[in-house]
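Read the structure below first, then the notes.
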Amino acid sequence: VQMLEMEVKSQPDNSQAWFSLGHAYVSVGQYDNAVNAFDKVIDLVGKHAELIGPKATALYYKNGQKMTPQIQALIDESLQMDPKDPSTLLLVGMNAFFTADYNKAIAAWQTILDSDRTDVDRSAVMNAIETAKMRLDSEAGVAPQMDAAQASKAVELTVNVSPELASQVKSSDMIFVFARAKGSQVPL
């Protein structure tokens with residue numbers, strides 16, 4: 001953040017530096033500064049979906065991951081300019097997921113995958129879709145199914161819930177297990 005701040009101070013018309021600074025501010029939770037940085041980029045290069053989406057995302061995080069009319073207006077404006085803007089669709093999907101509208105989340109994320117955009121982490125989007133599908137199946141009471149290849153790589157484990165928490169567990173609750181191979185940063 002400090003390096004980017006110095007860069008925009010020395011090159012105040014460098015839109016790419018301001019854009020990077022906006023994302024850096026989001027990553028460290030400085031949402032007001034992020035909004036200001038994205039506004040600066042918009043002032044420099046004009047309104048574009050790929051700038052409005054990150055601004056809406058910063059406001060969404062600032063608001064505790066809750067939608068407001070202002071954020072929704074930015075989303076609508078961005079998607080009107082570019083219905084396949086990945087940053088905006090990621091936000092739409094994330095909000096839909098958090099509000100348990102899994103079909104909407106899947107549709108938003110699938111639109112990203114169906115686009116020809118190469119500037120997205122496709123595996124992360126595919127994982128998000130799979131998680132949303134698992135939630136849908138869980139709500140419907142459908143147990144996940146594995147094919148033979150998946151079953152041969154499966155790991156079985158038993159999870160016990162402490163008596164103090166057992167009364168709070170609902171049949172629709174899910175447990176996610178995150179595992180990595182030893183020495184790897186990539187989740188299995």
Side-chain angles (χ1 to χ4, degrees), residues 1-136 178 185-187:
V1 169
Q2 289 175 341
M3 288 173 39
L4 287 168
E5 287 174 336
M6 290 182 345
E7 186 173 348
V8 298
K9 188 174 183 177
S10 68
Q11 299 176 37
D13 292 336
N14 183 338
S15 61
Q16 186 58 49
W18 278 105
F19 185 72
S20 297
L21 180 59
H23 281 289
Y25 281 141
V26 169
S27 69
V28 297
Q30 295 182 22
Y31 305 121
D32 287 329
N33 288 339
V35 169
N36 292 335
F38 293 129
D39 281 340
K40 178 65 176 178
V41 180
I42 290 169
D43 289 344
L44 291 169
V45 301
K47 279 192 171 183
H48 300 278
E50 58 267 12
L51 303 176
I52 298 170
K55 177 181 176 179
T57 301
L59 289 168
Y60 181 77
Y61 282 124
K62 178 185 176 184
N63 195 48
Q65 295 180 317
K66 298 206 182 337
M67 195 58 64
T68 67
Q70 176 192 18
I71 298 165
Q72 187 60 57
L74 289 169
I75 289 170
D76 294 344
E77 182 179 9
S78 175
L79 292 177
Q80 186 174 22
M81 291 177 175
D82 180 0
K84 295 180 181 180
D85 177 60
S87 62
T88 306
L89 290 170
L90 285 170
L91 173 58
V92 169
M94 180 173 46
N95 183 65
F97 185 88
F98 290 149
T99 59
D101 189 348
Y102 303 118
N103 285 317
K104 183 176 180 179
I106 292 166
W109 294 330
Q110 189 63 51
T111 301
I112 296 169
L113 290 180
D114 292 344
S115 74
D116 58 353
R117 300 292 294 251
T118 58
D119 57 340
V120 295
D121 183 347
R122 297 180 75 75
S123 65
V125 175
M126 289 186 284
N127 286 335
I129 289 171
E130 284 306 310
T131 301
K133 286 179 178 178
M134 286 176 22
R135 291 280 180 105
L136 273 175
F178 178 85
Q185 294 297 320
V186 180

Is any side-chain heavy atom of [X] less than 4.5 Å from a side-chain heavy atom of [Y]?
X: Leu136; Y: Asn103; value: yes
X: Leu89; Y: Leu79; value: yes
X: Met67; Y: Phe98; value: no
X: Lys47; Y: Glu77; value: yes
X: Leu113; Y: Met126; value: yes
X: Ile112; Y: Lys84; value: no
X: Ser20; Y: Gln16; value: yes
X: Phe38; Y: Leu21; value: no

In Å, rounded to the nearest 0.5 Å, how long is the span from [atom1] of [X] to [atom2] of [Y]?
X: Asn127; Y: Met134; atom1: CG; atom2: CE; value: 10.0 Å
X: Lys55; Y: Asn36; atom1: NZ; atom2: CG; value: 9.0 Å
X: Ser15; Y: Leu51; atom1: OG; atom2: CG; value: 8.5 Å
X: Thr57; Y: Ile71; atom1: OG1; atom2: CD1; value: 9.0 Å
X: Ile106; Y: Glu130; atom1: CD1; atom2: CD; value: 8.5 Å
X: Asn63; Y: Gln70; atom1: CG; atom2: CD; value: 9.0 Å

Taking all atoms of both residues into account, what is the closest heavy-atom pair of [X] and [Y], and its distance?
X: Val120; Y: Pro86; result: CG1-CB, 3.4 Å
X: Gln11; Y: Trp18; result: O-NE1, 4.5 Å
X: Ala108; Y: Val92; result: CB-CG1, 3.9 Å
X: Phe19; Y: Glu50; result: CE1-O, 3.6 Å
X: Gly22; Y: Ala34; result: O-CB, 3.4 Å
X: Tyr25; Y: Ala37; result: CD1-CB, 4.3 Å

query = More than 12 non-hydrogen atoms from neighbouring residues, nucleotides or ligands closer than 6.0 Å to OH on Tyr31, yes or no?
reply = yes

query = Given the rule in the side chain to side chain contact (heavy atoms under 4.5 Å, CB included) test, do Ile129 and Gln110 qualify, once you have shown the distances and angles that lead to the verdict?
reply = CA-CA 8 Å; Ile129 289 171; Gln110 189 63 51; 3.6 Å; yes

query = Does the side chain to side chain donor-acceptor pair (under 3.5 Å) test come out yes or no for Ser87 and Asp85, once each step is laid out?
reply = CA-CA 6 Å; Ser87 62; Asp85 177 60; 2.8 Å; yes

ask   = Between Gln80 and Asp76, is a side chain to side chain donor-acceptor pair (under 3.5 Å) present by the stated rule, with each step listed?
value = CA-CA 6 Å; Gln80 186 174 22; Asp76 294 344; over 6 Å; no

task = Take the angle between the ring planes of Phe97 and Trp109 and call it parallel below 30°, perpendicular above 60°, tilted in between.
result = tilted

query = Does the side chain to side chain contact (heavy atoms under 4.5 Å, CB included) test come out yes or no for Thr88 and Leu74, once each step is laid out?
reply = CA-CA 9 Å; Thr88 306; Leu74 289 169; over 6 Å; no

Expected output: side-chain [X] to main-chain [Y] donor-acceptor under 3.5 Å:
X: Ser78; Y: Ile75; result: no
X: Tyr60; Y: Gln65; result: yes
X: Asn95; Y: Leu91; result: no

ask   = Does Arg117 come within less than 4.0 Å of Asp119, counting only side-chain N to carboxylate O?
value =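 Judged by the 4.0 Å cut-off on N to carboxylate O distance, Arg117 and Asp119 do form a salt bridge.
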
query = So Val8 and Asn14, side chain to side chain contact (heavy atoms under 4.5 Å, CB included) or not? Walk me through it.
reply = CA-CA 7 Å; Val8 298; Asn14 183 338; 5.7 Å; no

ask   = Just by distance, with hydrogens left out, do Thr118 and Asp116 show a side-chain donor and acceptor under 3.5 Å apart?
value =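 Thr118 vs Asp116: no donor-acceptor pair found between side chains.
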
ask   = Which of these, Lys9, Met3, Gln2, Glu7, sits in a side-chain contact (heavy atoms from CB on, under 4.5 Å) with Glu5?
value =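 Of all the options given, the one that passes is Gln2.
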
